[in-house]
Every structure is written in C-alpha cells, then in structure tokens.
Amino acid sequence: HYTYFVLVRAHCLAGELQAAMDLIRDMENKCRGTSSNPSIYNFVIHALCKSGKVPEAMGLVKKMVDGEDGACRPDVVTFNTMMAGLCKAGRLSEAQQVLQDMEKSGFAANLVTYNTLVSGLAGAGRVGDAVVVMRGMPQGCLPDALTYNAIINGFCKAGDIQSAEIFLEEMKSTSFSPDTFTYTILINGLCKSGNLPKADELLQEMMSRANCSPNVVTFNTLVDGYCKASNLDRARELLSSMLEHGCAPDVVTYSSIIHGLCRAGDVDQGFGLLQKMISKGCKPDVVTYTVLITGLCKAGKMVEACQLVRRMLDDGCTPNAVTYSLVFDGLCKIDRLKMASDLLAAIQEKGRVAD
RNA sequence: GGUCUUAUGAGUCC
C-alpha cells in the first residue's frame, strides 16, 4: 500500500488525477480482501478538491461510505478533507451536511472537523454561524487556538474589529495564547479598516514578546497596509526591518510594493524593484507580472503591456484569467483589435492558455 | 514513516 501511496501522490502532484484514480482502482482489484489504508484515498480527495473536481471527490467519498467494490472504509480524515474541499468551493451547506453524514455513519467529529467548518463559515462572511458552531463544540472537543483564530479572522474580514477583540480576550482566558497567526489576523483587520497606527503597535508588541515573533506573512500584511495607505516610505522601512528580524522578503512582499509604486503612477520604479527582486533570487509570479501589466495598461502603454505578457510567457509564468481580461479589455477599449488578435495568436502558439 | 483545519499580494468604477 505504501508503494501505491507514493505512486498515487506522484500522479496527484503532477496533476494527473485520472491516473491517480486508475491506480486506486488497480489497487482495489489486486489487493481485494486486504484492509487498505484510507490515507491514499484521502490524498486523492484532497487533490481532486484542490483542482476544482469537487463532484469527483464526493463520488469517491460516497464509494467509500457505501463500501462499494473493494473500496476502503473512510475515516475521520476522509470526512474532514471532503468538508474542507466543500468549504473552499463555497459549498457551505454541503459542508455542514458532511458533519451530519459522518455522525450518521458512526464517525465522531474531531477538533479538525469543527475547525474546518468554523473557518469555512467565518471565511465566507458567515461569522455568526461560525460562532454558533463553535459554541456547540462538545466537551472533549473544545475550541483551540485555530478555532479562535478563524473566528477572529471572520470578524476582522467583516470589519468588526470590536467583536474580534472580544474573542481575543476570551482566547486569552483559555489555555491558548494568541500566536503569530492571531496577531497577523488582527494586523490585517486593522490595516483593512484603516487603523495603521494600531496595526503597527501590534507589530511592536509581537517583536517584544518571545513566543510569537512576526514572520514574513506578518510583515507582508503590514507592508501591504502601508502601500494601500500610500505610505510607501514606511513600507520600505518595514522591508529593511524584516531583514533585521531574519525574515527574507518574498514574492508577496515585492509584489505589494510594486503594486504600491504602480498605483502611485511610478511604473518605472516598479520595474526597478522587479529587477531588484530577481537579482536577489526572488522569482516573480503571475501576480507580480499582473500588477505591472495593470500599471502599464492604466498608463496607456499597451505595447509595453503586451511585451510584458510575452516576457512572462518566456519566463515560464502562465498568465491567468485576470491577466488576460486586463490586457484584452485594455486593448479593446482603445480599439487595438489587431494587437489583441496578435497577442492571442502568440499565446495559442505557445499553448499556454490558463483558466 | 505517509493523508485533514487558522493569517498576507493582482484585473472587471458591476
């Protein structure tokens, strides 16, 4: 079975999900009667969900629950994985149904099950429902740091910092202390609601505490906050201060600042920073390029925008629906249908159509 | 020994 796991995982990671499913069927036939391990199935369910094949994942789970021809019995991870996939697809009522289904099949929900549902609801703007689920968690399965973090994030995303702080206080009264995630969530909420001073204060608090130092995500969150508040100087200060804390800026850090520069109308400086990140060994991704292309389109530099699309293709970076809609929209608006069709031809020639 | 849950960046003035 371990051999099968290695093979199935390799296929999944290569995006060859049908091959992975075929291997499972092959395993079911060859190992008939032996008890197999659900982790192989769980891995495939996860991969199917991640690539948007939720119905296929549901089919596999159903096969397992029904005990169809040689299929392995599900375990709690099977249900948790399926539930997370449904949440990410925005299919929340079906995710809630999984909780009913598993109990019907005699499986007890665990902490991961509840946390999955809580974060799914909270992340979809239904933080009130998330709190109801949290309050209904049974003895022996009480909320942990992840539960609180998901709830706090839900309130922050809804712009309700006050409620987030109430749950922060409640968290502090438990055996779980706010961690790097908690602080980063709050910093993000404060940034998005325009309270940069308080967000910065929290960063200072983190740096003075031992058990929850800021990481690259924390810095990125605040860097983006300052960029969006048009305070590029402070954003750059943070870039230096993250280095002092042993945090290497990553593609998100650079893309945020490049976005800030472009938004300020300084696409040239954006390209300068692009060069700098490349020279530091940080590879630009589809978002980095899209940010720059947006800047070029807004500046009416459609020829350069098309050139950058070709450059990203050459760089091995595949444009997605956001990139394309942006460029084609820009071209059509200024009536450059010839350029649009030329670009489309170049994309098709490279066989790189995403989304 | 292998599988599940929490935080950060892009377009559409809709």
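What you see is a predicted model, and the numbers here were worked out from it, not measured in a lab. In what follows, chains are A, B, ... by sequence order, proteins preceding strands, each numbered from 1.
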Atom [atom1] of [X] to atom [atom2] of [N]: distance rounded to whole Å?
X: A/Ile257; N: B/rA10; atom1: CD1; atom2: P; value: 14 Å
X: A/Met277; N: B/rG9; atom1: CE; atom2: C1'; value: 11 Å
X: A/Asn220; N: B/rA10; atom1: CG; atom2: C1'; value: 14 Å
X: A/Lys50; N: B/rU3; atom1: NZ; atom2: P; value: 13 Å
X: A/Leu117; N: B/rC4; atom1: CG; atom2: C1'; value: 14 Å
X: A/Arg263; N: B/rG9; atom1: CZ; atom2: P; value: 12 Å
X: A/Leu142; N: B/rU5; atom1: CG; atom2: C1'; value: 17 Å

By centroid distance (under 5.5 Å) and plane angle (under 30°), are A/Phe181 and B/rU6 in a stacked arrangement?
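Yes, aromatic ring over the base.
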Classify the nucleic acid contact of [X] as base, sugar-phosphate or nothing, counting any heavy atom under 4.0 Å across all strands shown.
X: A/Thr290; result: base
X: A/Asp179; result: nothing
X: A/Val217; result: base
X: A/Leu326; result: sugar-phosphate
X: A/Ser325; result: base

So, is A/Lys228 close to the B/rA10 phosphate, meaning a side-chain N or O under 4.0 Å from OP1 or OP2?
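It does, given that an N or O in the side chain of A/Lys228 lies less than 4.0 Å from OP1 or OP2 of B/rA10.
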Report yes if a side-chain nitrogen or oxygen of A/Lys157 is closer than 4.0 Å to either non-bridging phosphate oxygen (OP1 or OP2) of B/rU8; otherwise report no.
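True: A/Lys157 side-chain N/O within range (under 4.0 Å) of B/rU8 OP1/OP2.
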Classify the side chain of A/Ser255 and the base of B/rG9 as holding, or not holding, a donor-acceptor pair under 3.5 Å.
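By the distance-only test, yes, there is a pair.
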Does A/Asp329 make a side-chain donor-acceptor contact with the base of B/rG11, cut-off 3.5 Å?
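Per atom types, no contact qualifies.
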Can you tell me how far the CE atom of A/Met206 sits from the OG1 atom of A/Thr218, to the nearest 0.5 Å?
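One gets 4.0 Å once the value is rounded to the nearest 0.5 Å.
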Between CG of A/Asn42 and CE of A/Met64, what distance do you get to the nearest 0.5 Å?
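The CE atom of A/Met64 is 5.5 Å from CG of A/Asn42, to the nearest 0.5 Å.
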Side-chain ion pair, A/Glu170 and A/Arg135, N-O less than 4.0 Å:
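Yes.
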Is a salt bridge present between A/Asp314 and A/Arg310, judged by a nitrogen-to-oxygen distance below 4.0 Å?
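Between A/Arg310 and A/Asp314 there is no salt bridge, as every charged N stays at least 4.0 Å from the carboxylate O atoms.
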Given B/rA7, B/rU5, B/rG9, which nucleotide is nearest the side-chain atoms of A/Leu146?
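The answer is B/rU5.
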How about A/Pro319 and A/Met312: do any of their side-chain heavy atoms sit closer than 4.5 Å?
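Of all side-chain heavy-atom pairs linking A/Met312 with A/Pro319, at least one is under 4.5 Å.
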